[in-house]
Amino acid sequence: AGIQPVPQSAAMKATGPEAEVTALTLARWHPAVATLVSAFAEDPVAVHLFPDPAKRSAGMAHIFRMGLRYGKNYGRIDVIQSCGAVAVWVRPEYTTPSWTRMVRAGFLASPFAVGGSATRRMLNFEHFIAACRMRTMAGPHWFLFCIGVRPDQQGQGLGAALLRHG
């Protein structure tokens with residue numbers, strides 16, 4: 001048992017030419033959302049935000065679409081291997097969300113898309129994360145909104161490659 005090391009061949013594969021990090025294009029928007037939804041399907045935060053498994057995928061898709069819009073407008077979105085892995089970065093001057101930026105990201109649709117209770121949980125979670133950031137991150141910094149790897153591609157070093165690139 002314990003943590004198993006990634007085989008050297010898999011780690012090397014992720015750093016080869018087939019694992020080139022590129023910017024997300026509009027044509028790959030839906031595959032990027034699908035990657036993030038599948039990567040976070042059983043994540044404890046996803047379960048907290050959407051306790052009903054039947055509503056979780058749609059709810060998380062809404063959150064990740066907002067996150068991608070926020071990253072596109074106020075940072076950058078990196079992908080690798082046909083969106084097998086996705087990282088959403090926010091530039092230092094935009095790490096504290098404003099209502100204007102949240103509206104541009106699509107937050108006003110949340111009560112209609114996921115319901116009032118889930119929207120309240122999303123807001124509470126965002127306030128919690130903002131408070132943690134304020135306590136631990138002094139000064140300007142890039143914020144990694146999310147990084148996810150499709151389950152069938154995990155363990156190949158794709159997430160690590162995105163982090164190295166970031």
Side-chain angles (χ1 to χ4, degrees), residues 3-4 6 14 21 23-24 26 28-91 94-99 101-137 141-163 165-166:
I3 298 174
Q4 300 296 318
V6 174
V21 176
L24 179 68
L26 188 56
R28 298 207 180 252
W29 196 267
H30 295 294
V33 170
T35 290
L36 293 170
V37 168
S38 66
F40 287 89
E42 298 303 321
D43 182 80
V45 173
V47 172
H48 169 72
L49 294 176
F50 304 101
D52 181 351
K55 296 180 180 179
R56 191 170 304 137
S57 288
M60 293 307 291
H62 172 71
I63 288 175
F64 289 125
R65 283 190 297 271
M66 285 191 308
L68 290 174
R69 278 188 218 103
Y70 200 93
K72 177 183 170 288
N73 292 334
Y74 306 110
R76 74 169 201 261
I77 306 164
D78 297 328
V79 298
I80 197 168
Q81 282 195 333
S82 300
C83 291
V86 180
V88 180
W89 297 91
V90 178
R91 290 192 308 267
Y94 299 112
T95 57
T96 302
S98 71
W99 277 107
R101 291 192 291 271
M102 294 301 288
V103 166
R104 288 184 182 141
F107 187 78
L108 287 182
S110 294
F112 305 103
V114 299
S117 295
T119 300
R120 279 189 295 284
R121 287 190 296 272
M122 288 166 42
L123 280 171
N124 289 338
F125 183 71
E126 173 52 39
H127 290 289
F128 169 75
I129 293 298
C132 290
R133 245 190 345 260
M134 296 214 23
R135 278 194 316 273
T136 59
M137 299 299 296
H141 62 280
W142 279 81
F143 175 63
L144 180 58
F145 170 76
C146 67
I147 184 168
V149 180
R150 240 182 17 229
D152 65 328
Q153 293 192 14
Q154 291 175 0
Q156 298 179 27
L158 299 178
L162 284 174
L163 286 173
H165 181 78

Sidechain-backbone polar pair: S110 side chain, T119 backbone, donor-acceptor under 3.5 Å: no

Value rounded to 0.5 Å, distance of CE in M134 from OG1 in T95: 9.5 Å

Parallel, tilted or perpendicular: rings of F64 and F145 (30°, 60°): perpendicular

Euclidean distance, R56 CZ relative to F40 CZ, rounded to 0.5 Å: 13.5 Å

Closest contact, heavy atoms only, G148 versus L36: N-CD2, 3.8 Å

Closest approach of A85 to V149 (non-hydrogen atoms, all atoms of both residues): CB-CG2, 3.8 Å

Interatomic spacing from NE2 in H62 to CZ in F112 - rounded to 0.5 Å: 11.0 Å

Side-chain donor or acceptor of R65 paired with backbone N/O of V33 under 3.5 Å: no

Atom pair CD (Q153) and OG (S38), whose distance is rounded to the nearest 0.5 Å: 9.5 Å

Student check: side-chain heavy atoms of Y70 and V88 closer than 4.5 Å: no

Flag side-chain contact, heavy atom, 4.5 Å: R69 against F107: no

Heavy-atom closest pair, residues A32 and L68: CB-CD1, 4.2 Å

Reported CG-to-CG distance for the pair L163 and L144, which is rounded to 0.5 angstrom: 6.5 Å

Check: F50 and I63 side chains under 4.5 Å, non-hydrogen atoms: yes

Parallel, tilted or perpendicular: ring planes of F143 versus H141, cut at 30 and 60 degrees: perpendicular

Over all atoms of both residues, closest heavy-atom pair of M60 and A46: SD-CB, 3.6 Å

Q156 and Q81: CA distance, side-chain angles, deciding distance, side-chain contact (heavy atoms from CB on, under 4.5 Å) verdict: CA-CA 11 Å; Q156 298 179 27; Q81 282 195 333; 4.1 Å; yes

Audit row: L24, C83, side-chain contact (heavy atoms from CB on, under 4.5 Å) steps and yes/no: CA-CA 8 Å; L24 179 68; C83 291; 4.0 Å; yes

For T136, side-chain contact (heavy atoms from CB on, under 4.5 Å) partners two or more places apart: none

Closest contact, heavy atoms only, T35 versus G84: CG2-O, 3.6 Å

For G59 against V114, the heavy-atom pair lying closest together: CA-CG1, 3.7 Å

Atom NE2 of H165 with >12 non-hydrogen neighbours under 6.0 angstrom: yes

Spacing of M122 atom CE and L49 atom CG [to the nearest 0.5 Å]: 7.5 Å

Salt bridge (charged side-chain N to carboxylate O under 4.0 Å, His left out) partners for R28, two or more places apart: none

Evaluation steps, side-chain contact (heavy atoms from CB on, under 4.5 Å), between K72 and I77: CA-CA 6 Å; K72 177 183 170 288; I77 306 164; 4.1 Å; yes

